[in-house]
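From a predicted model like this one, the values you see are computed outputs, not experimental measurements.
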Amino acid sequence: MFYVSREIDFCYGHRLLNYEGKCRHLHGRNGRAVIKIGAEQLDHRGMVVDFKDVKVAVAGWIDDNLDHRMLLHREDPVVEYFQSQNEPLYLLDENPTAENIAKLIFQVGVDHGFPIIEVDLWETPHCFATYAG
């Protein structure tokens with residue numbers, strides 16, 4: 001089995017509903033998604049996938065949808081206020097935890113046709129969550 005990984009850095013804000021710690025308050029993160037892609041065989045170029053293709057598709061999607069946005073649960077009471085102020089949001093059906101953001105990015109990669117093995121979402125230099133389909 002061959003594996004390659006692509007790291008994508010982006011900034012976002014969020015808060016967690018139904019949570020008792022500091023993350024219940026609005027705050028920012030410098031996130032890093034590490035996308036691991038695998039294949040049994042290399043393509044005609046000797047690659048699992050071209051890193052540029054992952055950058056264009058997945059990093060492009062992250063840049064357009066998650067970077068410098070508030071990632072919030074769609075039921076969060078602050079959504080209406082942020083929308084009234086034309087603030088950029090990305091709304092999720094679940095809490096915007098590292099686990100759920102990793103799952104979201106995993107699905108975006110799969111939707112773009114990449115054989116994703118797993119996605120790590122680093123929310124601090126010491127803490128990350130992994131989603132593997």
Side-chain angles (χ1 to χ4, degrees):
M1 189 77 172
F2 295 94
Y3 300 99
V4 297
S5 294
R6 173 74 196 208
E7 295 183 2
I8 302 166
D9 294 321
F10 63 105
C11 300
Y12 65 95
H14 74 154
R15 78 170 180 173
L16 304 180
L17 299 179
N18 304 311
Y19 183 76
E20 298 303 319
K22 290 181 182 181
C23 289
R24 73 181 180 269
H25 303 293
L26 294 168
H27 61 284
R29 295 278 188 208
N30 292 314
R32 169 171 285 169
V34 181
I35 301 164
K36 185 175 183 180
I37 301 169
E40 292 284 339
Q41 301 293 322
L42 300 177
D43 68 12
H44 69 281
R45 304 167 294 185
M47 298 177 173
V48 171
V49 65
D50 189 334
F51 291 118
K52 180 183 172 205
D53 293 340
V54 179
K55 178 181 177 183
V56 169
V58 183
W61 185 90
I62 289 172
D63 190 52
D64 291 344
N65 293 279
L66 303 182
D67 189 43
H68 285 83
R69 292 181 183 261
M70 291 299 295
L71 282 55
L72 298 170
H73 187 291
R74 69 179 62 261
E75 301 291 324
D76 192 312
V78 300
V79 167
E80 186 176 336
Y81 173 75
F82 280 126
Q83 288 174 330
S84 75
Q85 300 300 307
N86 294 316
E87 288 292 330
L89 303 175
Y90 188 89
L91 303 179
L92 291 90
D93 292 327
E94 53 272 322
N95 244 351
T97 61
E99 294 88 343
N100 285 325
I101 297 167
K103 181 181 175 184
L104 173 65
I105 294 169
F106 181 98
Q107 192 58 54
V108 167
V110 168
D111 290 348
H112 279 91
F114 297 111
I116 306 291
I117 301 299
E118 66 184 26
V119 171
D120 296 331
L121 192 284
W122 290 81
E123 67 172 25
T124 75
H126 305 287
C127 300
F128 71 96
T130 300
Y131 180 81

Inspect the surroundings of CG in Asn18 and state if more than 12 heavy atoms from other residues, nucleotides or ligands are less than 6.0 Å away. no
Would the number of heavy atoms belonging to other residues, nucleotides or ligands and lying under 6.0 Å from CD of Gln85 be above 12? yes
Listing request: all ring-ring contact (aromatic ring centres under 6.0 Å, His included) pairs with a residue in residues 43-66, at least two apart in sequence or in separate chains. Trp61-Tyr90
Shared ILVMFWY cluster between [X] and [Y], side chains joined below 4.5 angstrom?
X: Tyr3; Y: Val34; result: no
X: Val54; Y: Val108; result: yes
X: Ile117; Y: Phe128; result: no
X: Tyr12; Y: Leu16; result: no
X: Ile37; Y: Trp122; result: no

If you round to the nearest 0.5 Å, how far is [atom2] of [Y] from [atom1] of [X]?
X: Leu91; Y: Met70; atom1: CG; atom2: CE; result: 10.5 Å
X: Leu66; Y: Leu121; atom1: CG; atom2: CG; result: 9.0 Å
X: Gln41; Y: Phe2; atom1: CD; atom2: CZ; result: 7.0 Å
X: Arg32; Y: Thr124; atom1: CZ; atom2: OG1; result: 12.0 Å
X: Thr97; Y: Leu17; atom1: OG1; atom2: CG; result: 11.5 Å
X: Asn100; Y: Leu71; atom1: CG; atom2: CG; result: 10.5 Å

[X] side chain near [Y] side chain, heavy-atom distance below 4.5 Å:
X: Cys11; Y: Asp67; result: yes
X: Arg24; Y: Arg15; result: no
X: Asn30; Y: Asp9; result: no
X: Cys23; Y: Arg29; result: yes
X: Leu42; Y: Val48; result: yes
X: Leu72; Y: Leu26; result: yes

Under 3.5 Å, side chain of Arg69 to main-chain N/O of Asp64, donor-acceptor pair present? yes
Mind listing the closest non-hydrogen atom pair of [X] and [Y] along with its distance?
X: Ala129; Y: Glu99; answer: CB-N, 3.6 Å
X: Pro96; Y: His73; answer: CD-N, 3.9 Å
X: Val58; Y: Ile8; answer: CG1-CD1, 4.0 Å
X: Gly38; Y: Met1; answer: C-CE, 3.8 Å
X: Lys22; Y: Tyr19; answer: N-CE2, 4.2 Å

Determine whether Arg6 and Val49 satisfy the following criterion, side-chain contact (heavy atoms from CB on, under 4.5 Å), listing intermediate values before the conclusion. CA-CA 10 Å; Arg6 173 74 196 208; Val49 65; over 6 Å; no
Tell me, with the steps shown, if Asp76 and Phe82 meet side-chain contact (heavy atoms from CB on, under 4.5 Å). CA-CA 11 Å; Asp76 192 312; Phe82 280 126; over 6 Å; no
From CA spacing to verdict: salt bridge (charged side-chain N to carboxylate O under 4.0 Å, His left out), Asp50, Lys52: CA-CA 5 Å; Asp50 189 334; Lys52 180 183 172 205; over 6 Å; no
